[in-house]
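Both backbone and side-chain heavy atoms feed into the values below; hydrogens, waters and symmetry mates do not.
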Amino acid sequence: MADECFGHPRLAAIYDPLDPDRGDLDPYLRLAGELGARRVLDIGCGTGVFALLLAGRGIEVVAVDPALASLDVARAKPGAGRVRWFHGDTEDLPPLRVDLVTMTANVAQAIAGPAAWRRTLRGAFEALRPGGHLVFETRDPAARAWEDWTREKSHRVTELPGVGRVESWVRVIDTDGPLVTFRWTYVFAADGQVLTSDSTLRFRDRAEVEGELAAQGFVVAEVRDAPDRPGKEFVFLARRPVADA
């Protein structure tokens, strides 16, 4: 199930305007260039920002997401015809042989269920050509990022063209071991509508992720720091062994 902030048409439509700075995607673009990737699978593509950046560089892109409303936003953007969009998850994809699989931003953590996470990793493995790479980020639990997810620290009012003033904030509503559930609230001044979206993220430590990757056949090539969030995130670069050929 997609969270409301991605699955509700009114919220999907304001997702990009509320978060216009996507500098967090720059390291992924550089990595695609470093690896010489010509075919990329973007898992959890959302509104298609990263998929379209890749396609704009002449890369063949397959993008998949469970939130139909977000895909509708993506498909309406300029250049969307250069991307193959799929509604669902990795089990809904045709056979692929890509050079690189990506999961940007919160995607890896949002796949919170252990079984779903294993299926996703296996789907990524099967979509890669032998020697191809998977890259994704996940927050280091030791940094306890959720402690800053409060109304006081997140509250803002944004004036959006064609929408009007939108008030938004986030707060944590539950913590249960590695799972953190939080709620975004959105208030639309134009008509007073209040919408909420609950999300749950799983905080996995480095050893856990490395073990899960190995269990699905990957070799961990490198674990990097997120350049825009030093000391707060792990960026995993894993490879499908060439011996699978």
Side-chain angles (χ1 to χ4, degrees), residues 2 6 15-16 22-68 70-111 117 119-138 209 213 216-224 226-228 233-242 244-245:
F6 307 113
Y15 184 82
D16 291 338
R22 294 309 308 272
D24 62 297
L25 298 176
D26 292 342
Y28 288 92
L29 288 171
R30 288 196 296 270
L31 180 62
E34 289 172 21
L35 297 174
R38 304 309 307 158
R39 299 178 302 278
V40 176
L41 167 61
D42 185 24
I43 297 174
C45 65
T47 57
V49 175
F50 184 58
L52 290 169
L53 287 171
L54 290 170
R57 297 188 173 201
I59 294 173
E60 180 183 327
V61 185
V62 174
V64 62
D65 198 279
L68 186 57
S70 291
L71 284 176
D72 288 341
V73 172
R75 287 170 171 147
K77 291 181 176 180
R82 292 178 291 187
V83 177
R84 295 168 63 194
W85 307 99
F86 288 88
H87 178 222
D89 56 30
T90 54
E91 294 181 319
D92 299 300
L93 295 172
L96 299 172
R97 275 296 178 265
V98 300
D99 305 308
L100 178 65
V101 176
T102 60
M103 290 186 280
T104 64
N106 286 338
V107 172
Q109 286 189 262
I111 307 172
W117 179 234
R119 288 196 303 271
T120 300
L121 291 180
R122 191 64 199 173
F125 186 92
E126 293 174 350
L128 284 167
R129 63 167 175 78
H133 290 82
L134 163 68
V135 61
F136 62 91
E137 64 188 75
T138 184
V209 176
L213 286 167
Q216 297 305 322
F218 284 100
V219 173
V220 177
E222 190 177 354
V223 182
R224 302 182 177 184
D228 57 331
E233 304 236 359
F234 302 120
V235 180
F236 287 88
L237 180 63
R239 184 179 69 253
R240 175 172 175 166
V242 177
D244 276 40

Student: Using side-chain heavy atoms (C-beta onward) and a distance below 4.5 Å, is Phe236 in contact with Val209?
Tutor: yes
Student: For residues Thr120 and Asp89, determine if any side-chain heavy atom of one lies less than 4.5 Å from a side-chain heavy atom of the other.
Tutor: no
Student: State, yes or no, whether a side-chain contact exists between Phe218 and Leu134 at a heavy-atom distance under 4.5 Å.
Tutor: yes
Student: Once rounded to the nearest 0.5 Å, what's the spacing between atom CZ of Phe125 and atom CD of Gln216?
Tutor: 9.0 Å
Student: Among residues at least two apart in sequence or on other chains, which ones pass salt bridge (Lys or Arg N to Asp or Glu O under 4.0 Å) with Arg224?
Tutor: Glu34, Glu222
Student: Rounded at 0.5 Å granularity, tell me how far CG in Leu100 sits from CG in Leu31.
Tutor: 6.0 Å
Student: Nearest 0.5 Å, please: how far is CD in Glu126 from CZ in Arg119?
Tutor: 12.5 Å
Student: Of all the heavy-atom pairs spanning Ala80 and Ala74, show the shortest one and how long it is.
Tutor: CB-O, 3.4 Å
Student: Are Val49 and Leu52 packed together at the side-chain level, in the sense that at least one heavy-atom pair is separated by less than 4.5 angstrom?
Tutor: no
Student: Decide yes or no for Ile43 and Val101: does some side-chain heavy atom of the first lie under 4.5 Å from some side-chain heavy atom of the second?
Tutor: yes
Student: Nearest 0.5 Å, what's the CG-CZ distance between Leu68 and Phe6?
Tutor: 14.5 Å
Student: To check you understand the geometry: which heavy-atom pair defines the closest contact between Gly131 and Arg239, and what is its length?
Tutor: O-CG, 3.7 Å
Student: Assess whether side-chain contact (heavy atoms from CB on, under 4.5 Å) is satisfied between Leu93 and Leu41, documenting all intermediate values.
Tutor: CA-CA 10 Å; Leu93 295 172; Leu41 167 61; 3.7 Å; yes
Student: What is the minimum heavy-atom distance between Leu128 and Arg240, and which atoms define it?
Tutor: O-NH1, 3.0 Å
Student: Donor-acceptor pairs are to be reported for all side-chain atoms of residues 53-65 against protein atoms at under 3.5 Å, with residues two or more places apart or in another chain.
Tutor:
residue, atom, partner, partner atom, Å
Asp65, OD1, Ala67, N, 2.8
Asp65, OD2, Cys45, N, 3.3
Asp65, OD2, Gly46, N, 2.8

Student: Does the side chain of Thr102 reach to within under 4.5 Å of the side chain of Phe50, using non-hydrogen atoms?
Tutor: yes
Student: Take Glu233 and Asp24, measure what side-chain contact (heavy atoms from CB on, under 4.5 Å) needs, and give me the verdict at the end.
Tutor: CA-CA 12 Å; Glu233 304 236 359; Asp24 62 297; over 6 Å; no
Student: For a quick test of reading the model, state the closest non-hydrogen atom pair linking Ala108 to Glu137 and the distance between them.
Tutor: CB-O, 3.7 Å
Student: Evaluate the side-chain proximity of Leu213 to Phe136: yes if any heavy-atom separation is below 4.5 Å, no if none is.
Tutor: yes
Student: Apply salt bridge (Lys or Arg N to Asp or Glu O under 4.0 Å) to Arg129 and list each qualifying residue two or more places apart in sequence or on a separate chain.
Tutor: Asp99
Student: Among all residues two or more places apart in sequence or in another chain, which pass the salt bridge (Lys or Arg N to Asp or Glu O under 4.0 Å) test with Arg82?
Tutor: none
Student: Once side chain to side chain donor-acceptor pair (under 3.5 Å) is applied, do any residues pair with Asp26, and if so which ones, sequence neighbours excluded?
Tutor: none
Student: Are Asp72 and His87 close enough that some pair of their side-chain heavy atoms sits under 4.5 Å apart?
Tutor: no
Student: Could you pull out all residues at least two apart from Asp16 that satisfy side chain to side chain donor-acceptor pair (under 3.5 Å)?
Tutor: Thr47, Lys77
